[in-house]
Amino acid sequence: MTKITDMIGIKYPIFQGGMAWVADHHIAAAVSNAGGLGIIGCGGADENWIRDQIHKCRELTDKPFGVNVMLMNPRAPQIAEVLAEEKVAVVTTGAGSAGKFIPMWKEAGIIVVPVVPSVAMAKKMEKDGADAVIAEGTESGGHVGELTTMCLVPQVIDAVSIPVIAAGGIADGRGVAAAFAMGAEAVQCGTVFCASEEVNIHQNYKDMIIKAKDRSTQVTGRKAGAPVRQIKNQLTKKFQELEDRNASFEEIESLGVGALRRAVVDGDLDNGTFMAGQIAGMITEIKPAKQIIEEMFEQANKILSAAGPVC
Ligand code: TUI
């Protein structure tokens, strides 16, 4: 039991990342039914889609689940209101500051857990009333910060009093054990659930993850302020060309428009954005979400119980 499992009422201290286009009610319900915290990712969707997903998730599970709000979504204010109306158990946020929505969510009894890429943002979220923070390292897939999980997590833990969840580069019991050794109260995993049976994405996306090696991902758009980690393909070469000639944020953004949908829905190997973390190289099998979670914690518990003095 950790502060996070107690706070939310879940069995395993694991959140499934609220990945845009990827994390719909199917995987969220599967992870929650397995004892973790499943999360529906809003990405760029509108509030009607999200309300429908929440209702569908409730049909598949009576366990707590969460919703992730991607704060760059222009509909974030409308989505925030729907989440308060629906009184979802947990809201996580990404790609911006959740501050202005926290009072409304707290009034609705929601547990609020923003993703933070820095100590400064973690302190701000604590001051604004967050219940916990997810410290996400640059190893993660999708929109990323600059610090690695190994450096970010302990610095955030030292800086705040609320529980810290470690994310970025965690896909097995060794990663979980390392996160707990650093003082985390839970982990968040995304990429490993892209390789689950229940996730509703094109088979080509799952295959990309299974085939990925340690150096298969790349962050595009850092210079333009739109850093996204994804698996290398023809599209990342085009992103690289734009960056090499110092293209503007708008040009880089326009190349990315619709690219995540092309990956997730169409399985377009050349023109899709296959967001994935660096740990994709370690993932070699598609498994049910329940098996992923149970194996991860069995391994972590073995490591942590056997750990004696280092020397
Ligand atoms: O949000 C994510 N990962 C995502 S969102 C996403 S959807 C997307 N699609 C196309 C282009 C861009 C995004 C795909 N992956 N992770 C959580 C996360 N949040 N990582 C980093 C941050 C973050 C960054 C800056 C959180 C707060 C922040 O604050 C900046 C500020 O000062 O407001």
* Asked: Only one of Q240, K232, K237 clears side chain to side chain donor-acceptor pair (under 3.5 Å) with Q218; which?
  ->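 When Q240, K232, K237 are each tested with Q218, the side chain to side chain donor-acceptor pair (under 3.5 Å) holds only for Q240.
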Between [X] and [Y], do the side chains contain an N or O donor and an N or O acceptor separated by less than 3.5 Å?
{"X": "E86", "Y": "H55", "value": "yes"}
{"X": "R229", "Y": "T191", "value": "no"}
{"X": "K223", "Y": "N246", "value": "yes"}

* Asked: Which pairs with one or both residues in residues 268-304 pass ring pair (Phe, Tyr, Trp, His ring centres under 6.0 Å), sequence neighbours excluded?
  ->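 The answer is Y12-F297, Y205-F274.
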For the pair [X] and [Y], find out whether any cationic side-chain nitrogen is under 4.0 Å from an anionic carboxylate oxygen.
{"X": "E241", "Y": "R245", "value": "no"}
{"X": "R51", "Y": "E85", "value": "yes"}
{"X": "E81", "Y": "R75", "value": "no"}
{"X": "K56", "Y": "D24", "value": "no"}

Can you tell me how far [atom2] of [Y] sits from [atom1] of [X], rounded to the nearest 0.5 angstrom?
{"X": "T236", "Y": "E243", "atom1": "OG1", "atom2": "CD", "answer": "10.0 Å"}
{"X": "Q16", "Y": "I40", "atom1": "CD", "atom2": "CD1", "answer": "9.0 Å"}
{"X": "I111", "Y": "K106", "atom1": "CD1", "atom2": "NZ", "answer": "6.5 Å"}
{"X": "F249", "Y": "S254", "atom1": "CZ", "atom2": "OG", "answer": "10.5 Å"}
{"X": "K211", "Y": "S216", "atom1": "NZ", "atom2": "OG", "answer": "11.0 Å"}

Evaluate whether atom [atom1] of [X] has more than 12 neighbouring non-hydrogen atoms of other residues, nucleotides or ligands under 6.0 angstrom away.
{"X": "E146", "atom1": "CD", "value": "no"}
{"X": "E107", "atom1": "CD", "value": "no"}
{"X": "M104", "atom1": "CE", "value": "yes"}
{"X": "K11", "atom1": "NZ", "value": "no"}

Who are the side chain to side chain contact (heavy atoms under 4.5 Å, CB included) partners of [X], not counting sequence neighbours?
{"X": "A289", "answer": "I27, A30, V31, F193, E198"}
{"X": "I210", "answer": "A195, I283, I286"}
{"X": "K87", "answer": "A108"}
{"X": "A181", "answer": "none"}

* Which heavy-atom pair separates R262 from V257 by the least distance, and what is that distance? -> NH1-O, 3.4 Å
* To do: Begin with the C-alpha distance, continue with both residues' side-chain angles, and end with the deciding distance and a verdict on side chain to side chain contact (heavy atoms under 4.5 Å, CB included) for I8 and F15.
  => CA-CA 11 Å; I8 303 175; F15 288 17; 3.5 Å; yes
* Quick one: do I134 and V116 satisfy side chain to side chain contact (heavy atoms under 4.5 Å, CB included)? Show the steps, please. => CA-CA 6 Å; I134 301 166; V116 298; over 6 Å; no
* **Pairs touching residues 283-296 that satisfy salt bridge (charged side-chain N to carboxylate O under 4.0 Å, His left out), sequence neighbours left out** =>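 Listed by first then second residue: K287-E295, K290-E294.
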* Does the pair E139 and T149 meet the rule for a side chain to side chain donor-acceptor pair (under 3.5 Å), with working shown? -> CA-CA 7 Å; E139 297 92 322; T149 304; 3.0 Å; yes
